[in-house]
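Keep in mind that what you see is a predicted model, and the values were worked out from it rather than measured.
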Amino acid sequence: MKLFKVLAGALAAVVVALTLSACAPTAKQEGTGGYIDDTVITTKVKAQLLNDDELKSREINVETFKGRVQLSGFVSSPQMANRAVEVTRTVKGVKSVVNNMQIK
């Protein structure tokens, strides 16, 4: 009976350890906290782009991974693409900006 309790305790510890390690971040996958942080950054960037009167930001897509923001979609000129990058860089938490926007 004592051996059963030891084995059950060890099994429970292994299950808990595996469960917690599944939430840990890796180089290509974020942890829960990082995902939430990136979601906040994405929301702030979208809000800043919408508040800018010069930009037609409804055609700009924003994705964030570990503070690296990727802008994609369509803009009317290279100046508008540069303006979107400038606005994005002003958002707190943005580490870098990747411009994948296309001119239409």
- prompt: In Å, rounded to the nearest 0.5 Å, how long is the span from CG of N82 to CG of N99?
  reply: 7.0 Å
message: side-chain contact (heavy atoms from CB on, under 4.5 Å), that's the test. Do R68 and K95 meet it? Break it down for me.
response: CA-CA 6 Å; R68 180 177 177 252; K95 295 179 182 174; 5.8 Å; no
task: Please write out which residues are connected to V91 in a hydrophobic cluster, directly or through intermediates, given that two of Ile, Leu, Val, Met, Phe, Trp, Tyr count as joined at side-chain heavy-atom separations below 4.5 angstrom.
output: I41, V45, L49, L55, I60, V62, V69, L71, V75, M80, V85, V87, V94, V97, M101, I103
message: If the condition is side chain to side chain contact (heavy atoms under 4.5 Å, CB included), which residues does K92 pass it with, not counting sequence neighbours?
response: none
- request: Determine, stepwise, if the pair V98 / N100 fulfils side-chain contact (heavy atoms from CB on, under 4.5 Å).
  value: CA-CA 6 Å; V98 176; N100 286 341; 3.8 Å; yes
query: Taking all non-hydrogen atoms of both residues, which atom of T42 and which atom of E63 are closest, and how far apart?
result: OG1-C, 4.4 Å
field: Value rounded to 0.5 Å, distance of OG in S76 from CD in E59
entry: 9.0 Å
- prompt: Under a 4.5 Å cut-off applied to non-hydrogen side-chain atoms, are V40 and K44 in contact?
  reply: yes
- request: Would you give the length of the straight line joining atom NZ of K46 to atom CG of N51, rounded to the nearest 0.5 angstrom?
  value: 14.0 Å
- request: Measure the spacing between NZ of K66 and CG of D37 and express it to the nearest 0.5 Å.
  value: 12.0 Å
- prompt: NZ of K104 to CZ of F74: how many Å apart, nearest 0.5 Å?
  reply: 8.0 Å
